[in-house]
Amino acid sequence: MGVFTADTGHEQVVFCQDKQTGLKAIIGIYSTALGPALGGTRFHPYATEDEAVHDVLELSRAMAYKNAIAGLDLGGGKAVIWGDPATDKSEPLLRAYGRFVQSLGGRYYTACDVGTYVPDMETVAKETRFVTGRPVEHGGAGDSSILTAWGVYQGMRAAAEHRWGTPSLAARRVGVAGLGKVGKHLVKHLLDDGASVAATDVYEGALDWARSAYPQIDLIDSVDALITSDIDVYAPCALGGALDDRTVPLLRAGVVAGGANNQLAHPGVEKMIAERGILYAPDYVVNSGGVIQVADEIQGFNFERAKARATRIYDTTKQILALAEAEGVPPAVAADRTAERRMAECGRLRTILLP
Ligand SMILES: NC(=O)c1ccc[n+]([C@@H]2O[C@H](COP(=O)([O-])OP(=O)(O)OC[C@H]3O[C@@H](n4cnc5c(N)ncnc54)[C@H](O)[C@@H]3O)[C@@H](O)[C@H]2O)c1
């Protein structure tokens with residue numbers, strides 16, 4: 001994918017290489033209209049360079065929308081490190097990467113993503129101050145899945161209220177696909193609210209965790225079996241692309257609200273969901289609690305302040321669902337319009353010269 005020829009709209013894409021450590025990284029900045037770009041670093045063994053470029057362009061764009069709708073004064077960016085985190089990750093490589101982040105002078109703040117963890121950010125922080133997701137003991141926000149799950153729960157409550165007139169999930173049956181970092185925390189909030197939970201995961205360790213921590217969870221064999229079972233809410237919490245031409249016709253839930261990024265497999269799926277009468281709470285609206293958590297670190301981390309902000313995902317989701325209804329468009333379209341409006345209107349204010 002060519003940045004110029006495909007007219008992706010990105011401000012800046014930086015290729016970073018250090019032969020000695022084997023670092024090959026790409027930092028994508030979609031927009032700094034609202035402030036410095038914030039987004040995590042994905043460490044992944046892409047099959048080709050094109051695939052890595054495609055991923056960083058998509059992910060950085062999505063971060064701009066997520067940060068805008070979360071009300072953060074931050075733009076959207078993301079980075080990918082092309083390599084296998086299991087074999088290629090080393091202190092020198094991460095520090096070399098940190099130096100490239102520093103070289104952008106604060107136009108981009110990094111954080112954890114798939115393949116990078118809190119201790120990695122501590123290593124990156126030896127070379128740059130433009131890093132979040134550091135350990136709590138070093139003043140960092142730590143594991144962002146805590147407020148991601150809290151925010152998903154708030155977004156789900158808003159969707160339930162829009163659909164059934166009450167935000168309570170008591171007596172609702174929620175199907176959670178993926179019992180990873182986000183899914184595990186989400187399950188607790190749901191059970192505390194009185195919901196019954198059905199769940200599935202491909203990883204035996206995650207199922208063992210569920211059996212011992214919450215024996216009341218109904219464990220289901222596969223995602224297909226979960227979505228065709230009698231559930232009120234479907235919460236995709238594994239990988240992207242959960243909603244596609246094959247799965248949408250199978251869905252039995254009245255509401256979809258989950259933590260996974262990029263749930264819609266391609267443009268047009270949002271329309272299929274709406275035509276089936278299913279209420280979709282847009283992924284980047286409800287899963288913005290994680291970026292809210294790490295963004296708080298920039299001004300000195302305060303968990304209660306970050307949690308209060310993530311709690312407002314309930315209000316934001318309600319507003320988006322109401323706007324979608326008023327404008328007669330799917331919620332995903334209403335969310336995009338809202339994010340674009342904030343980037344354009346607040347970003348424009350910088351044209352007013354301040355002496
Ligand atoms: N961690 C965060 O703060 C955060 C923030 C925003 C969005 N997200 C998104 O939420 C999703 C989950 O993130 P996470 O941090 O919990 O990741 P994770 O890797 O801890 O958990 C993912 C879980 O999904 C399971 N899984 C994978 N494929 C599956 C399949 N086909 N069927 C069933 N289960 C499957 C895995 O075994 C794993 O247990 C991802 O899409 C991520 O991008 C995470």
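As the structure lists them, so they are numbered: ligands from 1, and atoms in each ligand from 1. Everything numeric in this text was worked out from a predicted model, so none of it was measured.
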For [X], take its heavy atoms, then give the atoms of ligand 1 lying under 4.0 Å from any of them.
X    : result
N261 : 7 (C), 8 (N), 9 (C), 41 (O), 42 (C), 43 (O)
A260 : 9 (C), 10 (O), 11 (C), 41 (O)
S144 : 2 (C), 3 (O)
G178 : 24 (O), 34 (N)
G259 : 7 (C), 8 (N), 9 (C), 10 (O)

Next item on the list: Quickly, which of T110, D120, T116 forms a side chain to side chain donor-acceptor pair (under 3.5 Å) with T41? Name it, please.
Entry: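 Only one option passes, and that is T110.
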
Next item on the list: Report yes if the distance between the aromatic ring centroids of H44 and W82 is under 6.0 Å, otherwise no.
Entry: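 Ring centroids of H44 and W82 are no less than 6.0 Å from each other.
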
Notebook entry, point to check: Are the charged groups of D296 and R309 less than 4.0 angstrom apart, N to O?
Noted result: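 Looking at R309 together with D296, the answer is no, because their closest N to O distance does not fall below 4.0 Å.
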
Checklist line | Note: D315-K318 ion pair, threshold 4.0 Å (strictly below) | finding: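 No, this pair does not count.
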
Notebook entry, point to check: Side chain or backbone of V202 under 4.0 Å from ligand 1, or both, or neither, by non-hydrogen atoms?
Noted result: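 Both backbone and side chain.
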
Margin query: Using a 4.0 Å heavy-atom cut-off, which part of V223 comes near ligand 1: side chain, backbone, both, or neither?
Written below: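 For V223, only side-chain atoms sit under 4.0 Å from ligand 1.
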
Spacing of [atom1] belonging to [X] relative to [atom2] belonging to [Y], to within rounding of 0.5 Å:
X    : Y    : atom1 : atom2 : answer
Y234 : T228 : OH    : OG1   : 11.0 Å
F15  : E49  : CZ    : CD    : 5.5 Å
T32  : R107 : OG1   : CZ    : 4.5 Å

Next item on the list: Could you tell me how the ring of Y30 sits relative to the ring of Y65: parallel (under 30°), tilted (30 to 60°) or perpendicular (over 60°)?
Entry: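 Plane angle between 30° and 60°, so tilted.
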
Note to self: In terms of relative ring orientation, are F301 and F303 parallel, tilted or perpendicular, with 30° and 60° separating the classes?
What the structure shows: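 Ring orientation, 0 to 90° scale: perpendicular.
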
So which protein heavy atom does [atom] come closest to, and at what separation?
atom                    : value
atom 21 (O) of ligand 1 : G180 CA, 3.1 Å
atom 41 (O) of ligand 1 : A238 O, 2.7 Å
atom 37 (O) of ligand 1 : D201 OD1, 2.6 Å
atom 19 (O) of ligand 1 : K181 NZ, 4.3 Å
atom 13 (O) of ligand 1 : V182 CG2, 3.9 Å
atom 2 (C) of ligand 1  : T148 OG1, 3.5 Å

Check: Does some non-hydrogen atom of G240 fall short of 4.0 Å from ligand 1?
Finding: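 Per 4.0 Å heavy-atom rule, G240 does not contact ligand 1.
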
Checklist line | Selected option - heavy-atom contact closest to atom 22 (C) of ligand 1, from A206, G183, C237 | finding: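 Nearest heavy atom to atom 22 (C) of ligand 1 lies in C237.
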
Notebook entry, point to check: So D18 and Y97, side chain to side chain donor-acceptor pair (under 3.5 Å) or not? Walk me through it.
Noted result: CA-CA 8 Å; D18 180 54; Y97 171 63; over 6 Å; no

